[in-house]
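Just so it is clear, the structure is predicted and the values come from calculations on it, not from any experiment.
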Amino acid sequence: METGTIRLEELSGGLDLYRTLESGQTYLWRRADGEMYSGTPALGEWYVTVVDGDVIRARTVDGVLEWQSTTDAEPTVRRLLRLDDDLEAIVDAAPDDPLLDEAYEAHRGMRLVTDPAFGTLVSFICSAQMRVSRIHSMVSTLAREYGDEVSLNGDTYHAFPTPAQLASATEAELRDLGLGYRAPYVVRTAEMVASGETHPDDARTLEYEAAREHLCQFVGVGDKVADCVLLFALEFDEAVPLDTWLKTAIEEHYPHCDCGSYTETSRALREEFGGEYAGYAQTYVFHHLRTGD
DNA sequence: GATTAACCTACGCC
DNA sequence: AGGCGTAGGTTAA
């Protein structure tokens, strides 16, 4: 087992691991105590994910980020948790706006994540009309039922299934696992990727709005889910997913941004939130409104 | 292009 | 207790 540490004070803007991993951006990490998304903060708890067959455990203790892995995971940890983002500069550059200021102030140290694209795509297909805790349990169930077993130091975990593994599932099986009407969406999207027809990563090379269009070809993916994949997996920091919380924020704080269609409203809010890092602003506002603190 | 019902179901709240 | 409304939307008319 390989291990590593970084002192949080070395990171511009710090790191709040709990808010980063339990703010509804990622469903591909699990908390060792099983209390992820229960609303109770993690104090020194390990979080675990599997990337490219390697288990990665991470936690913060006494101002230090620690990790353990089957491999030298520092580059992966830096990428997954976006440790090289200059968070202080991003916050400073954000537009002067009462709601935004409040959100940034309340959740210091929350970073965006960069998760693998396929797992993110399926997670957010599952997210339609779902509470965060249930999305997390659905994704965990898919990993348990269809993903490879991997272990670290005697503890066994499951990777998120590959497209081929998930494409081998049937709609009926996924309905039995509680996915409801999302079951056929997940199977058909997995089949599209497994067959080599197309892959969410293909969107990387496209301009932002074209990339969103590209992702909307997957079954069960509309503008909102596409924006989530762009922001949380493909590093399109300007993506602003418009969910029910952001729609409320638009009604109450940015009525001039309501332009009718998703595309136009999203474009207006993106400008309102400063363009380049508008997705950071979205994530803070979303988390601020959803948690109420 | 813009509207509108239908879709699964666990969980919190009355 | 047990029923009711809701939850980070998308699809098909």
Enquirer: Looking at A:Arg82 and A:Asp237, is any side-chain nitrogen of the basic one under 4.0 Å from a carboxylate oxygen of the acidic one?
Expert: yes

Enquirer: Any chance you could encode DNA chain C as dot-bracket? Rule is Watson-Crick or G-U wobble with both distances under 3.5 Å; [ ] for pairs crossing earlier ones, | for another strand.
Expert: .||||||.|||||

Enquirer: So A:Tyr284 and A:Tyr104, would you call those rings parallel, tilted or perpendicular, with 30° and 60° as cut-offs?
Expert: tilted

Enquirer: Rounded to whole angstrom, note down the P distance from B:dA10 over to C:dT10.
Expert: 22 Å

Enquirer: Between P on C:dA7 and CG on A:Leu246, what's the gap in Å once rounded to a whole number?
Expert: 15 Å

Enquirer: A:Glu66 vs A:Arg59, test: salt bridge (charged side-chain N to carboxylate O under 4.0 Å, His left out). Steps then yes/no.
Expert: CA-CA 5 Å; A:Glu66 307 177 358; A:Arg59 67 174 178 178; 3.0 Å; yes

Enquirer: Would you please classify the geometry between the A:Tyr208 ring and the A:Phe236 ring as parallel, tilted or perpendicular, with 30° and 60° separating the classes?
Expert: tilted

Enquirer: Let me know, please, whether A:Thr26 or A:Arg188 comes out on the 5' side of the other along DNA chain C by nearest nucleotide.
Expert: A:Thr26

Enquirer: For A:Ile135 and C:dT10, what is the distance between atoms CD1 and P respectively, to the nearest whole Å?
Expert: 12 Å

Enquirer: How would you label the contact of A:Tyr27 with the nucleic acid (heavy atoms, under 4.0 Å): base, sugar-phosphate, or nothing?
Expert: base

Enquirer: Just checking A:Arg19: does its CZ atom have more than 12 heavy atoms from other residues, nucleotides or ligands closer to it than 6.0 angstrom?
Expert: yes

Enquirer: Taking the six-membered ring for Trp, are A:Tyr27 and A:Tyr37 ring centroids under 6.0 Å apart?
Expert: yes

Enquirer: Between A:Trp29 and A:Tyr47, how do the two ring planes meet: parallel, tilted or perpendicular, split at 30° and 60°?
Expert: perpendicular

Enquirer: If two hydrophobic side chains count as joined below 4.5 Å and joins carry through other members, does A:Val240 share a cluster with A:Leu100?
Expert: yes

Enquirer: Which letter, B, S or -, goes with each nucleotide of nucleotides 7-14 of chain B from 5' to 3', with contact meaning a protein heavy atom under 4.0 Å?
Expert: BBBB----

Enquirer: How close or far is atom C1' of C:dG9 from atom NZ of A:Lys247, stated in whole angstroms?
Expert: 8 Å

Enquirer: For the residue pair A:Phe218 and A:Tyr185, is the inter-centroid distance of their aromatic rings smaller than 6.0 Å?
Expert: no

Enquirer: How far does the P atom of C:dG3 sit from the matching atom of B:dC8, given to the nearest Å?
Expert: 22 Å

Enquirer: When we call it a touch if two heavy atoms are under 4.0 Å apart, what does A:Thr248 touch: a base, just sugar-phosphate, or nothing?
Expert: nothing

Enquirer: Find the distance A:Leu242:CG to C:dT10:C1' and express it as a whole number of Å.
Expert: 15 Å

Enquirer: Going by the angle between their ring planes, with limits at 30° and 60°, are A:Phe286 and A:Trp245 parallel, tilted or perpendicular?
Expert: perpendicular

Enquirer: Listed in order of residue number, which residues of residues 206-234 of chain A have a non-hydrogen atom at under 4.0 Å from DNA chain C?
Expert: A:Phe218, A:Val219, A:Gly220, A:Val221, A:Gly222, A:Asp223, A:Lys224, A:Val225, A:Cys228

Enquirer: Would the A:Phe273 and A:Tyr254 ring centres measure less than 6.0 Å apart?
Expert: yes

